[in-house]
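As the structure lists them, so they are numbered: ligands from 1, and atoms in each ligand from 1. Side chains are part of it too, since the values below use all heavy atoms of this structure and drop only hydrogens, waters and symmetry mates.
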Amino acid sequence: MTSLIHTSNGKITNKNTSKNDSKNQRDVILEIKDLVVEYPTDDGVIRAVDHVTLTINEGEVLGLVGESGCGKSTLGFALLNLLKGGYIKEGHINFRIDGRFTDLTKLDATEYQKIRGSKISMIFQASQNVLNPLQTVKDHFLDTLREHGYEDPKEEWKNIITLLKRLEIPESRLDDYPFQFSGGMQQRIVIALALMLNPKLVIADEPTTALDVLVQARILQLLSDLVEELSLTMIFISHDLGVVAEITQRVAIMYAGEIVEIGDTETIFTKPKHPYTVALLKAIPNIKDETKRKLNSIPGSPPDLSKPIIGCRFASRCTHAIETCFKESPKMLIFGVETTGKEHQVRCHMYDPRFTNHFNNEE
Ligand SMILES: Nc1ncnc2c1ncn2[C@@H]1O[C@H](COP(=O)(O)OP(=O)(O)OP(=O)(O)O)[C@@H](O)[C@H]1O
Ligand SMILES: [Mg+2]
């Protein structure tokens, strides 16, 4: 049930959210456990997500970062049961609904339909693929309301208008078709569609990548404000670490289907441990420097996900790699809790006490 209300300062608040639901609350809302997602293809089975374990707290914005093809979108689609041509092979997605955890992997299509949009929703990258060119913008919203069983959604409609205003889409434009809007406006409409039923968790998959820098900045600001105002929990998928630094509290770095490092945003940016994270940070695009606009400055390429991988997935591109890295798969190691109270996890032999001494370049 939507319950957005207007406040005098132009912001919106969520009537259903009690004070206890604030950003500071550290209740787990989503717990992904050992999730494996595969795509069968003519060239073999691609394991796009390989035993991913991840916990997200209520009110948190978690960045999910990694090179193209590392499995970020697949993970997002798996959470919404929107995998095209793929399937969840193993694992659990425990999501808290009304105070109780439900394993989403056990839901059937009809049960999923009910929670998609109303409890978990996704903001897709390419608005042109989401918006129907033959439908007015208003009809997109009405269709979604109908799909969720609202026959006479007067109250909900008011809330949608409030949300659209907040996203700077005037009511007078609702009878227009998507092509009559700029790319930035289309993306804001897509955001409104994702938030209209007041979900708890939003997965934003590269929501601004296709837009120019100024429009991108404005949309990120709006999204960031809405996360705060509506007490949303968000997984923010991006290959752009610069953007992730601005909007997230915690960052998970993904490489070839695995999470290789996860920690609070400041730690990941100032004290990264995994050589892949270090390399990604060195490659942050700099809008002032044309020569550093491209992310791709890490030599080599990720492994073929349709073949069994022995050892560390990053070993062949890692300047620190030792023999063990090519033979043994690194375990996730946990740091930071005792010293900083914030968990920092890294999947790298360099930090494993069994092998640390074997590395020349300890960091
Ligand atoms: N429908 C599909 N059929 C077969 N393989 C797929 C399919 N979708 C994705 N893959 C493969 O799964 C792997 C992960 O892809 P995914 O799209 O999740 O990566 P990503 O991290 O989101 O990349 P990008 O940054 O380019 O969006 C890639 O190897 C990709 O080729
Ligand atoms: Mg993707």
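For the Mg ion (ligand 2), the set of nearby N, O or S atoms under 2.8 Å includes one belonging to Ser73.
Around atom CD of Glu90, more than 12 heavy atoms belonging to other residues, nucleotides or ligands sit under 6.0 Å away. Around CG of Asp108, the count of heavy atoms belonging to other residues, nucleotides or ligands within 6.0 Å exceeds 12. Within a 6.0 Å sphere centred on NZ of Lys106, other residues, nucleotides and ligands contribute more than 12 heavy atoms. Other residues, nucleotides and ligands place more than 12 heavy atoms under 6.0 Å from the CD atom of Glu111.
Contact analysis leaves Gly85 out of contact with ligand 1, as no non-hydrogen atom separation drops below 4.0 angstrom.
Protein heavy atoms are absent from the space less than 4.0 angstrom from atom 31 (O) of ligand 1. Within a 4.0 Å radius of atom 13 (C) of ligand 1, the protein contributes one or more non-hydrogen atoms.
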Checklist line | Full working for side chain to side chain donor-acceptor pair (under 3.5 Å) between Glu38 and Tyr87 | finding: CA-CA 6 Å; Glu38 293 182 342; Tyr87 53 83; 2.7 Å; yes
Next item on the list: Kindly indicate, with the supporting measurements, whether the criterion ring-ring contact (aromatic ring centres under 6.0 Å, His included) is fulfilled by His349 and Phe355.
Entry: CA-CA 6 Å; His349 287 317; Phe355 309 119; 4.9 Å; yes
Note to self: Evaluate Asp175 against Thr136 for side chain to side chain donor-acceptor pair (under 3.5 Å), listing each step before the verdict.
What the structure shows: CA-CA 5 Å; Asp175 288 325; Thr136 64; 4.9 Å; no
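Protein heavy atom in closest approach to atom 25 (O) of ligand 1: Lys72 NZ, 2.8 Å. If you check which protein heavy atom lies closest to atom 26 (O) of ligand 1, you get Ser68 OG, 2.5 Å. Among all non-hydrogen protein atoms, the one lying nearest atom 17 (O) of ligand 1 is Ser73 CB, 4.0 Å. When hydrogens are left out, the protein atom nearest atom 2 (C) of ligand 1 is Tyr39 CD2, 3.4 Å; that is the closest non-hydrogen contact.
Those atoms of ligand 1 that come under 4.0 Å of a heavy atom in Ala48, given as number and element, are 12 (O), 13 (C), 14 (C). Residue-ligand proximity, Thr74 to ligand 1, at heavy-atom distances under 4.0 Å covers atoms 14 (C), 15 (O), 16 (P), 18 (O). If you number the atoms of ligand 1 from 1 as listed, the ones under 4.0 Å from a heavy atom of Lys84 come out as 1 (N).
Both the sub-6.0 Å distance and the 45° axial angle are not jointly satisfied by Lys119 relative to the ring of Phe95. A cation-pi contact, defined as under 6.0 Å to the ring centre and within 45° of the axis, links Arg173 to Phe181.
With a 4.0 Å cut-off on non-hydrogen atoms, His239 does not touch ligand 1 at all.
Under the 3.5 Å distance criterion, the side-chain polar atoms of Thr41 are matched with a main-chain donor or acceptor of Gly44.
Considering backbone and side-chain atoms alike, Gly66 places every N or O at 3.5 Å or more from each N or O of ligand 1. For a threshold of 3.5 Å applied to N or O pairs, the pair formed by Thr41 and ligand 1 contains no separation below that value. Distances between N or O atoms of Gly71 and those of ligand 1 include at least one value under 3.5 Å. Residue Gly69 places at least one N or O, backbone or side chain, under 3.5 Å from an N or O of ligand 1.
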